Amino acid sequence: MASCSYFLLLFIHICLLLGLSFSEDPSVSYEFAVSYITASPLGVPQQVIAINGKFPGPTINVTTNNYVVVNMRNKLDEDLLMHWSGIQQRRSSWQDGVLGTNCPIPPKWNWTYEFQVKDQIGSFFYFPSLNFQRASGGFGTFIINNRAIIPIPFDTPYGDITIVIGDWYTQNHTALRRTLNSGKDLGMPDGVLINGKGPYRYNDTLVPDGIDYETITVHPGKTYRIRVSNVGISTSLNFRIQNHNLLLAETEGSYTVQQNYTSLDIHVGQSYSFLVTMDQNASSDYYIVASARFVNETVWQRVTGVGILHYTNSKGKASGPLPDPPQDQYDKTFSMNQARSIRWNVSASGARPNPQGSFRYGSINVTQVYVLKNKPPVMIDGKRRTTLSGISFVNPSTPIRLADQSKVKGVYKLDFPTRPLTGPPRMETSVINGTYRGFMEVILQNNDTKVYTYHMNGYAFFVVGMDYGEWTDNSRGTYNKWDGIARTTAQVYPGAWTAILISLDNVGVWNIRTENLDSWYLGQETYIRVVNPEPNNKTEFPMPDNALFCGALHRLQKPQDISFATPTGGNGSKMLLDSRTFKHTALGLAVLARILSPSGPRWPACDDGSFQIFTWLVGNAL
Ligand SMILES: *[C@@H]1O[C@H](CO)[C@@H](O)[C@H](O)[C@H]1NC(C)=O
Ligand SMILES: *[C@@H]1O[C@H](CO)[C@@H](O)[C@H](O)[C@H]1NC(C)=O
Ligand SMILES: *[C@@H]1O[C@H](CO)[C@@H](O)[C@H](O)[C@H]1NC(C)=O
Ligand SMILES: *[C@@H]1O[C@H](CO)[C@@H](O)[C@H](O)[C@H]1NC(C)=O
Ligand SMILES: *[C@@H]1O[C@H](CO)[C@@H](O)[C@H](O)[C@H]1NC(C)=O
Ligand SMILES: *[C@@H]1O[C@H](CO)[C@@H](O)[C@H](O)[C@H]1NC(C)=O
Ligand SMILES: *[C@@H]1O[C@H](CO)[C@@H](O)[C@H](O)[C@H]1NC(C)=O
Ligand SMILES: *[C@@H]1O[C@H](CO)[C@@H](O)[C@H](O)[C@H]1NC(C)=O
Ligand SMILES: *[C@@H]1O[C@H](CO)[C@@H](O)[C@H](O)[C@H]1NC(C)=O
Ligand SMILES: *[C@@H]1O[C@H](CO)[C@@H](O)[C@H](O)[C@H]1NC(C)=O
Ligand SMILES: *[C@@H]1O[C@H](CO)[C@@H](O)[C@H](O)[C@H]1NC(C)=O
Ligand SMILES: *[C@@H]1O[C@H](CO)[C@@H](O)[C@H](O)[C@H]1NC(C)=O
């Protein structure tokens with residue numbers, strides 16, 4: 001028993017030392033005014049969506065378990081919902097910012113998101129989810145840092161740099177939407193933006209004069225963490241920095257086995273962290289490139305983003321040709337092998353300490369299996385639509401979660417097929433019936449000729465396998481059951497499949513969709529509804545007081561006083577400790593008193609005198 005009390009005392013000591021004992025986490029507030037501004041990223045003036053006048057929007061930079069409060073002011077001329085892509089919104093799909101769960105924020109209204117970034121770390125982004133708005137901007141990076149007490153699996157970088165890349169059209173989202181509505185394809189994008197800026201003039205013929213490009217200034221010899229997200233519409237991009245290795249360290253909330261890449265394919269909706277050491281002699285600046293992947297380079301030359309990496313001791317401008325992309329335009333094997341090489345560092349800590357190694361997903365029995373198959377766009381009822389398993393999703397006018405809450409019937413059907421429909425495709429509000437605490441296997445089968453990315457809200461899933469051809473039961477033999485990465489997006493190569501496993505422990509209604517914006521807009525999505533058969537306010541938070549009503553419930557919505565004062569200056573973010581902190585510190589002291597009392601609770605395996613007690617306490621209390 002001696003070691004037991006030793007670890008207990010050690011634990012309490014650490015808690016008091018860090019002032020963290022059982023206290024509630026701080027809250028971080030942002031004011032986001034979403035409006036149009038005129039910008040000319042590719043030399044052509046156009047209306048883009050800015051946040052607080054900035055394009056891209058400000059970086060949200062918080063720490064595990066922080067409460068994030070964002071007051072969103074819709075200054076557009078159309079509805080708005082902000083989606084926090086990859087943020088799990090544990091127990092609260094009310095804050096998820098997609099049409100299946102939330103009523104849109106009307107023009108001139110504001111609405112305050114309030115959520116906890118519970119048990120998460122990593123690199124993500126946010127974007128407006130309605131009406132094709134992402135094609136006009138409104139996006140920005142979302143970072144969740146480790147708590148100070150949990151080490152990151154690499155030396156603290158000298159700096160933290162965020163980069164958003166994406167294909168871009170000089171037409172705005174309303175014009176692009178019109179093209180899609182009229183049954184046409186968007187065609188080749190007009191370029192690729194890096195942090196909202198056009199290409200550096202690396203070639204006088206290809207790039208017109210007068211375009212503002214991104215410059216990232218670094219100190220020689222230092223190592224930076226560079227976070228890159230592809231926030232574009234539908235183009236897979238190859239990312240590379242001339243003469244510099246990209247040491248991959250993290251993707252969408254999991255630390256990876258660290259490996260060097262000279263370039264990495266970043267598909268739509270994906271985010272990565274690289275550690276980049278400034279180990280070159282700065283004889284000149286270096287190119288940062290994001291170029292379209294799997295296309296005819298001759299034709300797609302202009303769809304290339306070029307920024308500049310500038311050492312403080314640089315001896316001159318970057319010049320000459322761009323670093324080569326992988327030379328395999330028509331062979332996707334290299335890219336798939338690269339994707340398979342991204343594995344989880346199972347010994348690294350994440351949002352919580354990880355003394356025993358990671359969650360052993362490979363030994364859990366699957367309880368539900370869904371094969372979701374896409375196809376190239378089809379005509380349904382005279383409209384060009386996209387499908388998943390033969391169903392083109394139609395958003396209900398009353399959000400699914402709200403309909404459940406208010407017992408509105410007939411809004412959706414819980415009948416999404418486990419295998420693709422074989423009959424003619426149809427338009428439906430058909431939803432997957434997820435079993436709470438089940439373990440779901442989803443096979444994403446891509447029957448189209450381009451790469452798709454899929455994303456699920458509310459969860460990170462394990463990417464356990466991908467291969468060419470049609471998935472069969474035998475394909476399970478190839479699954480990675482040990483260190484498949486847990487992340488929030490997965491690419492599926494044309495004519496290929498990707499298998500993911502999801503532990504359905506987050507109650508709510510969660511969107512599963514393609515991140516390719518054009519295909520999403522035309523119906524390639526559905527929702528997974530996860531309900532606790534014994535509902536309570538612990539497994540799912542109650543509907544927030546400010547929830548909006550629409551559709552069948554629109555009469556319940558009070559009009560908003562739209563004469564709200566406009567906040568001025570800065571990016572409007574501030575840090576505050578709210579009253580919950582004090583309440584929970586008091587609770588913490590009460591719990592400690594109980595622990596110390598002779599009749600206090602007993603700890604598992606105390607007699608082993610092992611380290612387990614300590615880790616149990618840390619794991620459960622912090
Ligand atoms: C979008 O572009 C069209 C012209 O193509 C223009 O008429 C319209 O005002 C623009 N809309 C917005 C919101 O910028
Ligand atoms: C709108 O913003 C005001 C502050 O300017 C805030 O008090 C109010 O709660 C916000 N409305 C909603 C619905 O979040
Ligand atoms: C994995 O994480 C551990 C623990 O932080 C770290 O020591 C190790 O270097 C990492 N391994 C790789 C291959 O990245
Ligand atoms: C995020 O905030 C931390 C301090 O809390 C800072 O060290 C880091 O550089 C910030 N990252 C970005 C990208 O702003
Ligand atoms: C610029 O691009 C054009 C078109 O691809 C090419 O013909 C030319 O050689 C390039 N110029 C330089 C200096 O590389
Ligand atoms: C990655 O490349 C750098 C040089 O850029 C090298 O110093 C480092 O050892 C490499 N790391 C790994 C894990 O290969
Ligand atoms: C270092 O700089 C010189 C020019 O100043 C250049 O010729 C040489 O190739 C550079 N070496 C490396 C390793 O980059
Ligand atoms: C790429 O496009 C060019 C111009 O249309 C064409 O001449 C060339 O054959 C194409 N290359 C391939 C490999 O298809
Ligand atoms: C998984 O299923 C097998 C039989 O199908 C059973 O023997 C095993 O105990 C189950 N494992 C768990 C962890 O439930
Ligand atoms: C949904 O699944 C649950 C089990 O998780 C089951 O009890 C219920 O009947 C199913 N509902 C429908 C409509 O299939
Ligand atoms: C699409 O599915 C059909 C039928 O299963 C199959 O014959 C065809 O090869 C698939 N095409 C692609 C690109 O996956
Ligand atoms: C959950 O909370 C709401 C409002 O906060 C309350 O009305 C409801 O009774 C609670 N439900 C349960 C099951 O505790």
Side-chain angles (χ1 to χ4, degrees), residues 24 42-43 67 89-95 101 112 114-116 188-192 198-211 213 240 242 284-287 289 291-292 295-306 308 316-325 327 329 356-369 401-402 404-407 435-441 462 464 473-474 476-477 479 481-482 501-509 530-549 553 556 579-580 583:
E24 193 65 53
L42 293 176
Y67 286 90
Q89 305 293 5
R90 295 202 67 83
R91 299 171 269 179
S92 195
S93 53
W94 299 110
Q95 307 291 335
T101 38
T112 308
E114 187 166 4
F115 53 86
Q116 189 183 18
M188 185 169 71
D190 298 305
V192 169
Y200 170 78
R201 201 171 189 204
Y202 67 100
N203 177 318
D204 289 354
T205 323
L206 289 170
V207 184
D209 198 7
I211 287 184
Y213 56 88
R240 52 200 187 272
Q242 189 175 31
S284 71
D285 290 343
Y286 300 95
Y287 292 125
V289 184
S291 60
V295 293
N296 184 332
E297 297 278 336
T298 318
V299 181
W300 281 64
Q301 220 159 15
R302 72 163 194 250
V303 191
T304 304
V306 185
I308 291 297
K317 286 190 177 307
S319 61
L322 301 179
D324 284 335
Q327 299 298 312
Q329 272 80 305
Q356 274 118 30
S358 290
F359 185 60
R360 291 194 179 81
Y361 66 87
S363 59
I364 301 171
N365 288 338
V366 165
T367 57
Q368 287 179 286
V369 183
R401 185 65 199 84
L402 185 66
D404 280 354
Q405 174 81 13
S406 307
K407 307 200 163 47
T435 306
Y436 178 52
R437 298 224 154 115
F439 199 57
M440 186 182 276
E441 177 184 22
F462 299 94
V464 294
D473 287 342
N474 290 336
R476 292 200 175 104
Y479 284 6
K481 296 207 155 188
W482 168 242
L501 298 176
I502 315 161
S503 175
L504 296 180
D505 58 358
N506 193 13
V507 173
V509 177
V530 182
V531 171
N532 182 348
E534 291 151 18
N536 63 53
N537 287 335
K538 284 192 191 120
T539 53
E540 189 183 24
F541 297 141
M543 183 171 81
D545 293 340
N546 63 352
L548 298 174
F549 295 94
L553 299 164
L556 297 177
S579 61
R580 280 180 295 228
K583 247 190 274 170

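Atom set for the values below is all heavy atoms of this structure, side chains included, hydrogens, waters and symmetry mates excluded. Here, residue 1 is the first one in the sequence, and each next residue gets the next number. Remember, it's 1-based here, ligands and their atoms both numbered in the order they're listed. Since the structure is predicted, the reported quantities are computational estimates derived from the model, not experimental observations.
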List for me each residue that meets side chain to side chain donor-acceptor pair (under 3.5 Å) alongside Ser291, sequence neighbours excluded, and say none if there are none. Arg240
Qualifying residues under side chain to side chain donor-acceptor pair (under 3.5 Å), relative to Thr367, sequence neighbours excluded: none
Just jot down the ring-ring contact (aromatic ring centres under 6.0 Å, His included) partners of Tyr200, sequence neighbours excluded, or say none.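 Residues passing ring-ring contact (aromatic ring centres under 6.0 Å, His included) with Tyr200: Tyr213.
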When Asp505 is tested against each of Arg90, Arg91, Arg437 for side chain to side chain donor-acceptor pair (under 3.5 Å), which residue passes? Arg90
Could you tell me whether some N/O pair between Asn536 and ligand 12 is separated by less than 3.5 angstrom?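 Looking only at distances, the answer is no, because the N/O contact criterion of under 3.5 Å is not met.
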Under 4.0 Å from any heavy atom of Asn537, which atoms of ligand 12 are there?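 That gives atoms 1 (C), 2 (O), 3 (C), 8 (C), 10 (C), 11 (N), 12 (C), 14 (O) of ligand 12.
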How long is the gap from CG on Leu42 to CG on Asp190, to the nearest 0.5 Å? 6.5 Å
Within this structure, what is the OG-CZ distance for the pair Ser319 and Arg201, rounded to the nearest 0.5 Å?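 The OG atom of Ser319 sits 14.5 Å away from the CZ atom of Arg201.
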When you check the side-chain N and O atoms of Tyr479 and Glu441, is any donor under 3.5 Å from an acceptor?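 Looking only at side-chain atoms, Glu441 and Tyr479 do form a donor-acceptor pair, the distance falling under 3.5 Å.
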Does Asn203, backbone or side chain, put an N or O under 3.5 Å from an N or O of ligand 5? yes
What do you reckon, is CG of Asp545 surrounded by more than 12 foreign heavy atoms closer than 6.0 Å?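 Open.
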Check each atom of ligand 5 against the heavy atoms of Leu206 and keep those under 4.0 Å away; list them by number with element.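 Selected atoms, number and element: 2 (O).
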Under a 3.5 Å threshold, I'd like every N/O contact between ligand 9 and protein atoms, with atom names and distance.
| unit_1 | atom_1 | unit_2 | atom_2 | d |
| --- | --- | --- | --- | --- |
| ligand 9 | 2 (O) | Asn365 | OD1 | 3.4 |
| ligand 9 | 2 (O) | Asn365 | ND2 | 2.3 |
| ligand 9 | 11 (N) | Asn365 | ND2 | 2.8 |
| ligand 9 | 14 (O) | Asn365 | ND2 | 3.3 |

